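Heads up, the thing below is written out as structure tokens.
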Amino acid sequence: MSFSVAAVRRQFPILSEIIDGQPVHYLDNGASAQTPDAVLDAVRAYETTGRANVLRGVHRLAERATEAYETARIEVATFLGVEPLEVVFTGGCTAAINLVAYSYGSLLKPGDRILLSELEHHSNIVPWQLLRARSGVELDMIPVTVEGRIDLDALPRLLTPRTRLISLAHVSNVTGALLDIRAVVTLAKTIGAKVMLDGAQRAPHGPLDLPALGVDFYAFAGHKAYGPNGVGVLWARPELLEAMPPFHGGGSMIGRVTLAETTFAPPPRRFEAGTPPIGQAIGLGAACKWMRGLDWTAAHAHEMALVQRLMDGLQKIDGTQILGPASLQSRYPVVSFMLDGVHPHDVAQTLDSFGVAVRAGHHCCQPLMDRFDIDGTTRVSMAPYNDNTDIDALLSGVQHAARTLR
Amino acid sequence: MSFSVAAVRRQFPILSEIIDGQPVHYLDNGASAQTPDAVLDAVRAYETTGRANVLRGVHRLAERATEAYETARIEVATFLGVEPLEVVFTGGCTAAINLVAYSYGSLLKPGDRILLSELEHHSNIVPWQLLRARSGVELDMIPVTVEGRIDLDALPRLLTPRTRLISLAHVSNVTGALLDIRAVVTLAKTIGAKVMLDGAQRAPHGPLDLPALGVDFYAFAGHKAYGPNGVGVLWARPELLEAMPPFHGGGSMIGRVTLAETTFAPPPRRFEAGTPPIGQAIGLGAACKWMRGLDWTAAHAHEMALVQRLMDGLQKIDGTQILGPASLQSRYPVVSFMLDGVHPHDVAQTLDSFGVAVRAGHHCCQPLMDRFDIDGTTRVSMAPYNDNTDIDALLSGVQHAARTLR
Amino acid sequence: MSDQLYQDRIVALAKAKTGAGKLAAPTKSARRDNPLCGDRVIIDVRLDDTGHIAEIAHQVRGCLLCQASAAALSSVAVGRDKAGIEAIRHDAERALGREDGEAGEPYAAFAPVKAHKSRQECVLLPLEALQDALS
Amino acid sequence: MSDQLYQDRIVALAKAKTGAGKLAAPTKSARRDNPLCGDRVIIDVRLDDTGHIAEIAHQVRGCLLCQASAAALSSVAVGRDKAGIEAIRHDAERALGREDGEAGEPYAAFAPVKAHKSRQECVLLPLEALQDALS
Ligand SMILES: Cc1ncc(COP(=O)(O)O)c(C=O)c1O
Ligand SMILES: Cc1ncc(COP(=O)(O)O)c(C=O)c1O
């Protein structure tokens, strides 16, 4: 295993496109990452040489498709350090969290409590609010520090004997802060609460060892992890999956259907109603395999060097302020900033005219914006294929915005 | 517009593959259809020249992606004869039916009744059984005639003043029978019940005019309609969508999120939580456009000529029996049959060795199998790209099975 | 650097801040939010007896396009009634390429936004708020 | 026509129907369903005092592979105990390529199923039912 930015970049066709006369400086990976040839080829092979429905067919295309689909499950499981039958393919990260909120959530009682944080993505807030409305569970919110981290000092007083589940972002999609999982799991164990991680922003940065983390549920999205859209993953401890009732009903998740009553298949099939996103799961399997082929020690160091270059550059521009940890410790390559007197959308739009793609706004984290009393930030989110020219193009653009728009 | 089988076949790369030394006689379209270059190219263009998240980005890739995604919605709407904002992208047909069962279903009261039929796919049974368990609605089942049609004569006595919804397959995925929608809608109107059609098996056979059908909900799957996996469509009358509460919670479906409470976006966004299946929706848009480019009068006549050839050929083989309408009237190109003394899986497996892909088993219709007291059927399901050589290869295979396996 | 959205005229409109603030005694007020991008506009108007705008003010929490549009609107709204504002709306829609025809001043300044669909709502938001207030 | 799954020996086993039927007074019975394909097997056994199989019968509602496997099993089960059936199971797994090593008779006949993953459960179902009955 080795790491060369140039070699990585060559595997992503979009990075050598010229779009509207400009190269692509893609720094919006937190929203959706780009996808390498390995994934495109795997999906195309399915579509053009093995396309069929899975599980129920005896013909060779169906056998090929089923084999490719189940191999993808193995790839994802290996990436997470878990067993294949503990991996449920869903329509996305949001769909995975909703699965837990509906299915595991239906096992909770009125008065049971779920603990979230103020920096959660709407996808890790709204499903629980909907559950609250359905079933009378209560929600508690861990506050966020000035540095943009979940304030774990507040955890002991927020945990109650009725707290059943703690669901938190593994890495914040706004501040880049990495959660101290060990602290959370240790406290959760003292009261028997389950821990779920929203791994949307962590999974794109290399393999995981979920059993070592000691968590109970893990969710992430394909499209942010170099895979296709329309697919995501829920991992859960097997005894939890076993205990959970179905969510969506339909084909493939059943044991036996009669008009009077129906029995259900064991996990993971119980949670994969209907035709799954076959090509997308195959693509995600290829993405996980691709990620496992990178030297992540080097790749992460590279990503964090870009973060440093970015922070240094921003500091030299008058009136910039970073929302998030100032150091590189316990942090992933997502950097949010404000430029005094210039609205984030205007920063992002100016950057676009420099060929730089970033995201501006609330990033589906309105409660976090409220916490800091801001409308939004400009967010730079990096992947291993980003390089110094991307950061430098971005810095030029921010300078230009600072000079012309205020 | 014109129709030439050869010209259509050339657009589907998989049809000219040689797999394990044999051509592909793909007659399993009811499970998953194949996909044309137009779809593959549209998805690839997104993946390699415009990949980004939709709705919230100001950079040019995000603008491209958003534009392509919303254009796909227009394509689907045009295909269905409806307005774009009435089209909700889902993860599949099953997901679309579950959306209605959870969201519209939550508006129903204990004792309200939902009317299904014995020939429904599990995806149009189990979601309602799960709703029954959650909320105390009651289910009624329309029986099926010996010909494999929903017995509409039974409808008047099954309708009650508490019947709120009638959800039926537009075309049966086992017998190919086309529903007499006008009869259903007319009766439903007399008691104010809504009508939902499961269009999974109808959508792959050409454009629709849903307002003319007079139904209230329509669901179909991308992968059976020449599009990608992992995407489906729910159409509903705008006033119904407007009245329906959210199903999945997450990004993009919100108005404003605070820790205390959250408001929701208008439809269709209210029902598209999280990052949607962007590339897949774009592919489905291309598939709908591709379908609109065919002359369906000719294509349907071609498909039905294949049905006739198939039925004639099967009749010449001793001990075959067709499950479904014997005539070509009110019927789509799905044909199920039994071969006396040979299990359907053995028929299908034998066909596979002739390069012919069909499906065998219960086709996710166990209640229908129970109705006829059989374990399963062998199902031949056709698309416009099938031709006489496909049917003839199939008939040779069935003959071989009849000769050797009993 | 490619196509320039923030051309001098738009930036100048925004910086002029024409009409920024509140009215002491508005006849009508309306607020509009764009949930997608978070922009928010509050428009105050004082109407005379015939329903024509005598005074206007705006508070914008939003981007430069939204600010520029609010300022442009304030610079031409006084003396107009509902129909007169409708005419300005058409100018805006034309500038954005959503309607055919040539946009009148000052909304002609927003022609560069034509190529940026995702930003067009920013320009329209102040107009929508004012139309709400008048309706 | 390509690779032949239904080779003569498999077809012959199925047609032989060895052990098809019910026992009048079974010591144990077990039923197994494969929800994916709908195959169903009921196995009856009569055990002697030492736990060895004295008599066996099967009802199969399923495909030819399942019937052939049930017949193969019935042809060699008598006189075996739990461990003896375990040994046959290993033969079956070997024939299907799921375990290393050479499969003993009669399960060696199922070698053609190696290439057809989706059908392997059909072969194993009767064995699973019998193992359930003995456990
Ligand atoms: C009639 C019918 N309804 C619903 C479905 C479910 O579609 P999907 O599995 O794509 O969600 C199918 C296909 O399996 C079908 O044939
Ligand atoms: C932290 C976090 N959680 C959840 C999500 C939701 O993922 P998706 O929209 O792919 O379902 C996102 C991305 O938008 C995210 O950044």
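Numbered from 1 within each chain, the chains take letters A, B, ... in sequence-line order. Predicted, not measured: the structure shown is a model, and the values here were computed from it.
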Please find the pair of heavy atoms, one from B:Arg359 and one from A:Ala62, that lie closest to each other, and give the distance.
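Reported closest heavy-atom pair: NH2-CB, 4.0 Å.
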If I compare all heavy atoms of A:Thr48 with all of B:Glu17, which pair ends up nearest, and what's the gap?
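The pair with the smallest heavy-atom distance is O-CG, 3.4 Å.
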Is it true that a side-chain atom of [X] and a backbone atom of [Y] form a donor plus acceptor pair closer than 3.5 Å?
X        : Y        : value
A:Tyr102 : B:Phe247 : yes
A:Arg51  : B:His223 : yes
A:Ser123 : B:Gly251 : yes
B:Asn53  : A:Ala31  : yes

Working to the nearest 0.5 Å, report the span between CZ of A:Arg371 and CG of B:Leu259.
11.5 Å
To the nearest 0.5 Å, what is the distance between CG on A:Leu61 and CG on B:Asp352?
8.0 Å
With chain B as the partner, which of A:Lys224, A:Arg64, A:Glu120 has the greatest number of non-hydrogen pairs under 4.5 Å?
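If we count pairs closer than 4.5 Å to chain B, A:Arg64 comes out on top.
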Part of [X] within contact of chain B (heavy atom distance under 4.5 Å):
X        : answer
A:Pro367 : both
A:Ile19  : both
A:Ala65  : neither
A:Leu130 : side chain
A:Glu261 : backbone
A:Ile278 : both
A:Asn98  : side chain
A:Met369 : neither
A:Ala200 : neither

Picking from [options], which has the most non-hydrogen pairs under 4.5 angstrom with chain A?
options                      : value
B:Met253, B:Glu118, B:Arg132 : B:Arg132
B:Pro13, B:Ala33, B:Pro245   : B:Ala33
B:Ser106, B:Gly249, B:Gly222 : B:Gly249
B:Arg44, B:His122, B:Arg134  : B:His122
B:Asn29, B:Val43, B:Leu40    : B:Leu40
B:Thr94, B:Val126, B:Asn229  : B:Asn229

Which bit of [X] comes within less than 4.5 Å of chain A, counting heavy atoms only: side chain, backbone, both or neither?
X        : result
B:Gln280 : side chain
B:Val24  : side chain
B:Val257 : both

Would the B:His59 and A:His25 ring centres measure less than 6.0 Å apart?
no
Lys/Arg-Asp/Glu bridge criterion (N-O < 4.0 Å) met for B:Arg256, A:Asp370
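So B:Arg256 pairs with A:Asp370 through a salt bridge.
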Would A:Glu47 and B:Thr35 count as a side-chain hydrogen bond (donor to acceptor under 3.5 Å, both in side chains) here? Give the steps.
CA-CA 7 Å; A:Glu47 294 289 0; B:Thr35 197; 4.8 Å; no
